Amino acid sequence: HLPGVRIAVMGCIVNGPGEMADADFGYVGSGVGKVDLYVGYNCVRRGIPSENAVDALESLIREHGRWQDPPEQSEEGEDSVKVLGVQLVRDAL
């Protein structure tokens with residue numbers, strides 16, 4: 001549901017920003033329990049508590065007009081696979 005949007009999830013503030021050069025949005029670990037968010041090369045939000053970072057990333061994507069709500073889930077659950085990645089990130093935090 002995010003066609004053409006590239007999101008880089010990086011664990012290291014040292015190499016992360018350079019390695020995510022082709023991404024539209026970046027989610028970079030910046031310390032214990034902290035995340036910085038990027039739009040392109042620019043860090044736009046710093047020190048977000050990791051428990052709030054996925055929601056902050058979603059808000060950032062929405063603010064830039066790139067978010068599209070996922071399609072309604074079918075009876076067979078086909079569409080649940082498309083949104084599973086976000087749930088996995090949330091569960092990992």
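Since the structure is predicted, the reported quantities are computational estimates derived from the model, not experimental observations. Residue indices begin at 1 and follow the sequence shown.
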Trainee: Name the residue from Val5, Leu37, Val44 that meets the side chain to side chain contact (heavy atoms under 4.5 Å, CB included) definition with Phe25.
Mentor: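 Of the listed options, the one satisfying the test is Val5.
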Trainee: Locate the shortest heavy-atom distance separating Ala8 from Ala23; write the atom from each residue and the value.
Mentor: CB-CB, 3.7 Å
Trainee: Stepwise, does the side-chain contact (heavy atoms from CB on, under 4.5 Å) test hold for Tyr27 with Met10?
Mentor: CA-CA 6 Å; Tyr27 178 110; Met10 312 300 291; over 6 Å; no
Trainee: Is there side-chain contact between Met20 and Tyr38, with heavy atoms separated by less than 4.5 Å?
Mentor: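 Met20 vs Tyr38: side chains touch.
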Trainee: Go through Ile7 and Leu2 one step at a time and tell me if the side-chain contact (heavy atoms from CB on, under 4.5 Å) criterion holds.
Mentor: CA-CA 10 Å; Ile7 301 169; Leu2 299 174; 4.1 Å; yes
Trainee: Of all heavy-atom pairs between Gln68 and Pro3, which one has the smallest distance, and what is that distance?
Mentor: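 Reported closest heavy-atom pair: NE2-CG, 3.6 Å.
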Trainee: State, yes or no, whether a side-chain contact exists between Lys34 and Ile48 at a heavy-atom distance under 4.5 Å.
Mentor: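 Side chain of Lys34 against side chain of Ile48, heavy atoms only: no contact under 4.5 Å found.
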Trainee: Below 4.0 angstrom, N of the basic side chain to O of the carboxylate: do Arg66 and Asp24 qualify?
Mentor: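 Yes, charged N to carboxylate O under 4.0 Å.
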Trainee: Less than 4.5 Å apart, any side-chain heavy atom of Asp36 and any of Arg45?
Mentor: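 They are not in contact (no side-chain heavy atoms under 4.5 Å apart), so the answer is no.
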Trainee: So do Asp69 and Arg62 actually touch side chain to side chain, heavy atoms under 4.5 Å?
Mentor: yes
